[in-house]
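Down below is the structure, laid out as structure tokens.
The figures that follow rest on heavy atoms only: side chains count, while hydrogens, waters and symmetry mates do not.
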Amino acid sequence: MMRIFDPHIHMTSRTTDDYQAMHDAGVRAVVEPSFWLGQPRTSPASFLDYFDSLLGWEPFRAAQYGIAHHCTLALNPKEANDPRCVPVLDELPRYLVKDQVVAVGEIGYDSMTPAEDTALTAQLQLAADHQLPALVHTPHRDKLAGLRRTLDVVRESALPVDRVLVDHLNETTVKEAKDSGCWLGFSVYPDTKMDEERMVAILRAYGLDQVLVNSAADWGRSDPLKTRKVAELMLAEGFSEDDVDRVLWRNPVAFYGLSGRLDLTIAATDATHEGNSILRGGA
């Protein structure tokens, strides 16, 4: 049975049907990075409710479908530009000590502004202080310049490069990211980012070391089964079952295992979480 660990997926945006389909496809573990909700938050309080849901309700929901759920927490790059949101940086330390938090993220750049510089620097320091790795979002526009600026800030930080995962890479950024010593993240997504064929070509060209493949499925047009589709194409293109297991399971386990908090056992849950079940009319 193929086992899959999706290292970057936004399950808050997905349905329980997705959890069932993911389990049927072999997904047994996910990491959910905190991210932008699609419209602006208006205060740090909305972040805190969101963080609480990633630490409570979402792991409960995942466990109902036999999937281990962890998260990464941060002020995301887009909202680092909003003065109403920045005070959440002061609240992060009390959340970063939680057992389910396996990295600081998503941090990085959206528009490469001075405010984003400040937030990225501060949160790399928080990761170092809490002995956590960091998940770094590279911008969707002007990607190579964004990667280079990201790597400059990472190298100046207290966090070693081998504890940093740079995500949303593609053909224009993979070589410099690999040369940096960071872990390499690829989002396989309909229409934008990577697709299965391009992903398999990169694996063939650059190897399997420190590579993580994710679906980044969220509230946009996306597919939580993209990890499985990459695995199937790898096999069809001559990669071995061990190669697939390395990329789709062992590599994410190794990276998030740097936190010392990764626990992939599926513990039995109560029938409800704070009085709520996943069944309408249940509780």
Side-chain angles (χ1 to χ4, degrees), residues 2-9 25-27 29-31 33 103 105-106 108-109 112 133-155 160-217 221-258:
M2 186 184 296
R3 55 180 182 172
I4 295 172
F5 187 147
D6 193 329
H8 182 154
I9 186 169
V27 176
V30 299
V31 166
E106 298 180 50
Y109 287 113
M112 291 185 280
L135 169 61
V136 179
H137 165 105
T138 55
H140 301 302
R141 303 173 300 277
D142 203 4
K143 292 189 76 69
L144 186 56
L147 174 74
R148 290 170 174 167
R149 187 159 169 179
T150 297
L151 294 177
D152 286 344
V153 176
V154 167
R155 292 184 185 109
V161 292
D162 62 1
R163 294 177 68 83
V164 174
L165 168 60
V166 286
D167 212 342
H168 308 316
L169 296 175
N170 63 14
E171 295 88 345
T172 68
T173 52
V174 57
K175 184 180 187 305
E176 291 193 28
K178 183 176 178 66
D179 291 346
S180 75
C182 291
W183 292 71
L184 314 176
F186 297 88
S187 300
V188 183
Y189 211 77
D191 301 332
T192 62
K193 303 176 185 174
M194 297 294 294
D195 62 24
E196 296 93 315
E197 290 76 15
R198 292 166 59 203
M199 186 68 247
V200 170
I202 281 179
L203 291 171
R204 195 176 302 285
Y206 291 94
L208 312 181
D209 289 347
Q210 293 185 246
V211 172
L212 280 70
V213 175
N214 65 74
S215 71
R221 183 167 183 267
S222 49
D223 180 356
L225 302 184
K226 280 293 189 183
T227 49
R228 174 70 188 222
K229 292 171 182 176
V230 169
E232 290 173 345
L233 186 59
M234 286 179 68
L235 293 173
E237 292 290 323
F239 287 90
S240 69
E241 291 183 1
D242 186 72
D243 292 337
V244 170
D245 190 72
R246 181 177 174 189
V247 172
L248 274 300
W249 185 265
R250 300 199 306 270
N251 283 355
V253 167
F255 176 72
Y256 287 115
L258 295 172

Between [X] and [Y], which heavy-atom pair has the shortest distance, and what is it?
| X | Y | result |
| --- | --- | --- |
| D167 | H8 | OD2-ND1, 2.7 Å |
| S215 | D223 | CB-O, 3.4 Å |
| V188 | E196 | CG1-N, 3.8 Å |
| A177 | L169 | CB-CD1, 3.7 Å |

Notebook entry, point to check: For T138 and H168, what are the C-alpha separation, side-chain angles and deciding distance, and is it a side-chain hydrogen bond (donor to acceptor under 3.5 Å, both in side chains)?
Noted result: CA-CA 6 Å; T138 55; H168 308 316; 5.9 Å; no
Which residues pass the side chain to side chain donor-acceptor pair (under 3.5 Å) test with [X], not counting sequence neighbours?
| X | result |
| --- | --- |
| R163 | none |
| Q210 | none |
| Y256 | none |

What residues, two or more places apart in sequence or in another chain, satisfy side-chain contact (heavy atoms from CB on, under 4.5 Å) together with R204?
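Here the qualifying residues are V200, E237, F239.
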_Could you check whether atom CD of E171 has more than 12 heavy atoms from other residues, nucleotides or ligands sitting under 6.0 Å from it?_
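Yes - once you tally the heavy atoms of other residues, nucleotides and ligands closer than 6.0 Å, there are more than 12.
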Worksheet entry | side-chain hydrogen bond (donor to acceptor under 3.5 Å, both in side chains) contacts in which one or both residues fall within residues 245-255, not counting sequence neighbours |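 Matches after skipping sequence neighbours: R3-D245, D209-R246, D242-R250, D245-R250.
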inquiry  = Counting C-beta onward and ignoring hydrogens, is there a side-chain heavy-atom pair between L248 and M2 closer than 4.5 Å?
reply    =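 Of all side-chain heavy-atom pairs linking M2 with L248, none is under 4.5 Å.
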Return yes if some donor-acceptor pair links the side-chain N/O of D195 with the main-chain N/O of Y189 below 3.5 Å, else return no.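 Looks like no, no N/O pair under 3.5 Å.
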Taking only residues two or more places apart in sequence, or in another chain, which ones meet F255 in a ring pair (Phe, Tyr, Trp, His ring centres under 6.0 Å)?
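F255: ring pair (Phe, Tyr, Trp, His ring centres under 6.0 Å) contacts with W183.
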